[in-house]
Structures are given as C-alpha cells and as structure tokens.
Peer 1: 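Below you will find the structure I want to go over with you.
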Amino acid sequence: IKIDDLSAKEIQECWGKMRKAKGWREDEYVGKLVANDISQRSGLPGFGNGREVLSKLERSIEMAMERLGDDLGPKTICLTALDVGIISPVEDNTDLASAVADLDRRIGWYRVKASVKELIDLTKINYERQLQNLPSLQVFMNRMFLGNAGTGKTTCAYLYARVLTALGLLSKGEIVRKSASDFLGDHVGDAQTKTSAILEQAIGNVLIIDEAYAFDDQLYGKAVLDTLVEKIQDGPDGQDMAV
C-alpha cells in the first residue's frame with residue numbers, strides 16, 4: 001500500500017498542530033506560506049513529509065527567539081514571515097553585497113557574472129511569488145567551472161558559494177572543500193563509500209571539489225562520478241546541497 005506525500009493542505013494542518021503544541025502563535029498567512037514552500041519538494045527523493053514540517057518549525061522558532069531576545073512571553077511568541085525564511089534575499093543583505101562586489105572586481109569572468117546576476121534575479125522573483133502564495137520557480141544550484149590553469153576556477157567557486165550562502169538557499173550554508181584525492185579509494189568499492197560519506201557531510205552546504213579532472217580514469221574516478229551523478233541529479237533543489 002503506497003502512502004502518498006502530504007498535500008499542501010495537509011502540511012499546513014500538520015504545521016498548525018505542531019506550532020500550537022509548542023505554544024506559538026503566527027502572523028496571518030504564515031502557515032499557508034510555509035505549506036506552499038514545503039509542498040514544492042513533495043515527490044522528490046529525500047522529501048521528509050511530517051519530519052520536514054517539524055524541522056522547519058524548529059528552525060523558525062530558533063529564528064524567532066533570536067529576534068525577540070528578552071521579550072519572550074505568552075503574548076509575544078508569534079512567528080512571522082521573517083522567522084520562517086520568507087524574506088527578501090537582497091534587501092539589506094550585506095553578505096550578498098560583499099560577495100557580488102568581490103566578483104565584480106575580477107577582470108573577465110563575464111559568463112560567471114551574468115550567471116550570478118540571473119540567480120539573484122530569480123531569487124527576487126521567487127520572493128515575490130512566495131508573498132503571493134505562488135509556487136517558486138526552480139533554482140538549479142550545481143555548477144561546473146571549466147578553464148585552463150590560472151583562470152581562477154577555485155576562487156570563482158568560492159565566490160559563487162558565498163553568493164549561495166548569502167541568498168539563504170541552503171539550510172546551513174557552510175563551505176565544504178574537498179580535492180579529488182579525498183574521493184578516490186585504494187580498492188573497488190572504496191570510492192563509492194568515500195563519495196557517499198562526503199555528500200552526507202555536505203547536506204545543507206556547498207561542496208567544492210577541486211582538481212576534479214583527476215576523476216578522468218576508467219576505474220576509481222568513474223566510480224566517483226557515477227556516485228555523484230546518482231546522488232545529485234534527482235532534483236534541482238530538493239536535496240539541500242550545492243556541488
């Protein structure tokens with residue numbers, strides 16, 4: 001018997017019951033915004049249904065407690081759109097402004113700069129769509145940076161990771177840097193195990209793989225690439241990870 005994922009209406013019902021059980025109130029439309037946001041990942045591999053709702057609620061309460069500080073009390077503990085992450089990705093975002101400024105100072109990199117601008121514009125559009133209770137447009141975060149030696153591929157990857165983190169597209173937003181050698185094993189099966197472990201560590205974060213050309217062989221490197229493709233191709237934004 002197949003049990004379907006929760007619908008948006010059911011997610012909102014779960015959210016309301018969990019929120020009330022924890023003693024919190026919410027601003028108008030917050031529950032609907034949360035349900036709309038979570039339900040967009042329904043059907044994707046790894047989607048957590050009720051677990052997803054509880055995790056979102058706990059993160060939102062943490063944000064609200066930081067915002068309220070000493071003003072916590074029965075009449076003040078109320079979740080807002082800001083607490084649940086429905087916030088403008090650009091307005092007063094000093095981290096984003098700093099990352100974009102560092103990127104703009106680089107000579108060349110015209111395609112990179114255009115790609116980052118498109119990403120920022122897309123997050124602006126999704127913010128407006130969330131406020132109107134419309135489904136967000138898909139955000140594809142994985143990137144491959146190609147170029148000759150000295151073109152700044154690793155530096156570029158770091159700046160791109162900073163942009164993703166500043167936009168709040170990942171739950172943790174830390175940068176996990178690995179070189180190709182960290183994935184390769186000494187015997188059959190070792191590469192897959194190492195790759196899976198690294199990807200597990202990268203959940204919620206940006207994984208930067210340096211010197212990835214070392215995967216260009218027919219044995220261990222191919223095993224790494226096969227595992228990467230298997231793990232990250234299933235959805236554009238359903239995994240909470242950027243590679």
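The first residue of the sequence shown is numbered 1, and numbering continues consecutively from there.
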Peer 1: Looking at side-chain heavy atoms only, is the closest gap between Asp95 and Thr165 below 4.5 Å?
Peer 2: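 Asp95 vs Thr165: side chains apart.
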Peer 1: Taking Trp109 for its side chain and Thr151 for its backbone only, find out whether a donor-acceptor pair lies under 3.5 Å.
Peer 2: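 Present.
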Peer 1: Is there side-chain contact between Gln201 and Val176, with at least one heavy-atom pair below 4.5 Å?
Peer 2: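 A side-chain contact exists here, since the closest heavy-atom pair is under 4.5 Å.
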Peer 1: With a 4.5 Å cut-off on side-chain heavy atoms, are Asp37 and Lys56 touching?
Peer 2: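 In contact.
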Peer 1: Give a yes or no on whether Leu57 and Met63 share a hydrophobic cluster (residues Ile, Leu, Val, Met, Phe, Trp, Tyr; joining criterion: side-chain heavy atoms under 4.5 Å apart).
Peer 2: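 Different clusters.
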Peer 1: Within the structure provided, determine whether Asp27 and Tyr29 are in side-chain contact (heavy-atom separation under 4.5 Å).
Peer 2: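 They are not in contact (no side-chain heavy atoms under 4.5 Å apart), so the answer is no.
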Peer 1: Tell me, do Ser115 and Tyr110 make a side-chain contact under 4.5 Å, heavy atoms counted?
Peer 2: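 With C-beta onward as the side chain, the pair stays apart.
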Peer 1: Run the side-chain contact (heavy atoms from CB on, under 4.5 Å) test on Leu6 and Cys14 for me, step by step, so that the C-alpha distance in whole Å, both residues' side-chain angles and the decisive distance to 0.1 Å come before the verdict.
Peer 2: CA-CA 9 Å; Leu6 296 175; Cys14 287; 4.0 Å; yes
Peer 1: Starting at CD1 of Ile11, measure out to CG of Asn36 and round the result to the nearest 0.5 Å.
Peer 2: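 Separation between the atoms: 9.5 Å.
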Peer 1: So Lys17 and Glu13, salt bridge (Lys or Arg N to Asp or Glu O under 4.0 Å) or not? Walk me through it.
Peer 2: CA-CA 6 Å; Lys17 288 186 176 182; Glu13 186 177 353; 3.8 Å; yes
Peer 1: Can you measure from CZ (Phe145) to OH (Tyr160) and round to the nearest 0.5 angstrom?
Peer 2: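 With rounding to 0.5 Å, CZ (Phe145) is 6.5 Å from OH (Tyr160).
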Peer 1: Do Asp83 and Thr80 pair up side chain to side chain, a donor and an acceptor below 3.5 Å, judged on atom types alone?
Peer 2: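 Yes - a donor-acceptor pair under 3.5 Å links their side chains.
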Peer 1: So which atom in Leu79 and which in Ala64 form the shortest heavy-atom distance, rounded to 0.1 Å?
Peer 2: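 Of all heavy-atom pairs spanning Leu79 and Ala64, the closest is CD2-CB, 3.8 Å.
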Peer 1: So, does Ser196 use its side chain to make a donor-acceptor pair with the main chain of Thr193 at under 3.5 Å?
Peer 2: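 Not a single qualifying donor-acceptor pair exists.
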Peer 1: Looking only at heavy atoms, which two atoms of Ile38 and Val53 are closest? And how far apart?
Peer 2: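 That would be CD1-CA, 4.0 Å.
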Peer 1: Rounded to the nearest 0.5 Å, what separates atom CE in Met18 from atom CD1 in Ile61?
Peer 2: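 Taking CE in Met18 and CD1 in Ile61, the distance rounds to 11.0 Å.
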Peer 1: Of all the heavy-atom pairs spanning Ala99 and Val163, show the shortest one and how long it is.
Peer 2: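 Closest heavy-atom pair between Ala99 and Val163: CB-CG2, 4.0 Å.
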Peer 1: Between Thr155 and Arg106, do the side chains contain a donor N or O and an acceptor N or O under 3.5 Å apart?
Peer 2: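 Not at all, the side chains of Arg106 and Thr155 share no donor-acceptor pair under 3.5 Å.
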Peer 1: With sequence neighbours excluded, what pairs up with Ser181 under the side-chain hydrogen bond (donor to acceptor under 3.5 Å, both in side chains) test?
Peer 2: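 Once residues adjacent in sequence are excluded, the partners of Ser181 under the side-chain hydrogen bond (donor to acceptor under 3.5 Å, both in side chains) criterion are Ser179.
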Peer 1: So, for Leu207 and Ala202, which heavy atoms are closest and what is the spacing to 0.1 Å?
Peer 2: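 So the minimum-distance heavy-atom pair works out to CB-CB, 3.8 Å.
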Peer 1: Just by modelled atom types, is the Lys75 backbone N or O under 3.5 Å from a matching donor or acceptor in the Arg25 side chain?
Peer 2: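 Confirmed, Arg25 side chain pairs with Lys75 backbone.
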Peer 1: Is the backbone N or O of Gly147 less than 3.5 Å from a side-chain atom of Lys153, with the two atoms forming a donor-acceptor pair by type?
Peer 2: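 Indeed, once roles are kept as given, a pair shorter than 3.5 Å links the two residues.
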Peer 1: Only one of Ile198, Thr195, Ile208 forms a side-chain contact (heavy atoms from CB on, under 4.5 Å) with Lys178, so which one is it?
Peer 2: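 Going through the options one by one, the only one that passes is Ile198.
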Peer 1: Check whether any side-chain heavy atom of Ile209 sits under 4.5 Å from a side-chain heavy atom of Phe183, and report yes or no.
Peer 2: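 The answer is yes, as the side chains (C-beta and beyond) meet within the 4.5 Å cut-off.
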Peer 1: Rounded to the nearest 0.5 Å, what separates atom NZ in Lys231 from atom CD1 in Ile203?
Peer 2: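 Rounded to the nearest 0.5 Å, the NZ-CD1 separation comes out at 9.5 Å.
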Peer 1: Check whether any side-chain heavy atom of Trp15 lies under 4.5 Å from a side-chain heavy atom of Val84, and answer yes or no.
Peer 2: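 Answer yes - side chains close enough.
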Peer 1: Rounded to the nearest 0.5 Å, what separation is found between the CD atom of Gln12 and the CZ atom of Arg19?
Peer 2: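 Interatomic distance, Gln12 CD to Arg19 CZ, rounded to 0.5 Å: 9.5 Å.
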Peer 1: Testing Leu122, Val139, Ile120 for side-chain contact (heavy atoms from CB on, under 4.5 Å) with Leu167, which one passes?
Peer 2: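 Only one of Leu122, Val139, Ile120 forms a side-chain contact (heavy atoms from CB on, under 4.5 Å) with Leu167, namely Ile120.
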Peer 1: Is the closest side-chain heavy-atom distance between Leu199 and Leu228 below 4.5 Å?
Peer 2: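 Touching, per the 4.5 Å side-chain cut-off.
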Peer 1: For Arg129 and Asn126: C-alpha separation, side-chain torsions, deciding distance, then whether side-chain contact (heavy atoms from CB on, under 4.5 Å) applies.
Peer 2: CA-CA 5 Å; Arg129 291 178 67 87; Asn126 277 343; 4.0 Å; yes
Peer 1: Atom CD in Glu230, atom CG in Leu225: separation rounded to 0.5 Å?
Peer 2: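 Between atom CD of Glu230 and atom CG of Leu225 there are 12.5 Å.
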Peer 1: Where do Ala166 and Asn93 come nearest, in terms of heavy atoms and distance?
Peer 2: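 That would be O-ND2, 2.9 Å.
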Peer 1: If we ignore hydrogens and angles and just use 3.5 Å, is the side chain of Ser98 paired with the main-chain N or O of Thr94 as donor and acceptor?
Peer 2: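 No, because the side chain of Ser98 does not come within donor-acceptor range (under 3.5 Å) of the backbone of Thr94.
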Peer 1: Sequence neighbours left out, what passes salt bridge (charged side-chain N to carboxylate O under 4.0 Å, His left out) with Asp226? Give chain and number order.
Peer 2: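 Partners of Asp226 under the salt bridge (charged side-chain N to carboxylate O under 4.0 Å, His left out) test: Lys222.
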Peer 1: Can you find a side-chain donor-acceptor pair between Ser55 and Arg59 that sits under 3.5 Å?
Peer 2: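 Yes, a side-chain donor-acceptor pair sits under 3.5 Å.
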Peer 1: Going by distance alone, is a donor N or O of one side chain under 3.5 Å from an acceptor N or O of the other, for Asp210 and Thr154?
Peer 2: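 A donor-acceptor contact under 3.5 Å links the two side chains.
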Peer 1: In this structure, are over 12 heavy atoms from other groups packed under 6.0 Å from Lys113 atom NZ?
Peer 2: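 For Lys113, atom NZ is crowded (more than 12 foreign heavy atoms under 6.0 Å).
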Peer 1: Identify the heavy atoms of Glu10 and Asp5 that sit nearest to each other, and give their distance.
Peer 2: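 Smallest heavy-atom distance, with atoms named: OE1-O, 4.1 Å.
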Peer 1: Can you list the steps and then say if Arg143 with Val243 is a side-chain contact (heavy atoms from CB on, under 4.5 Å)?
Peer 2: CA-CA 7 Å; Arg143 293 289 187 276; Val243 181; over 6 Å; no
Peer 1: Checking side-chain contact (heavy atoms from CB on, under 4.5 Å) for the pair Met65/Leu72: CA distance, chi angles, key distance, verdict?
Peer 2: CA-CA 7 Å; Met65 290 176 70; Leu72 282 171; 4.2 Å; yes
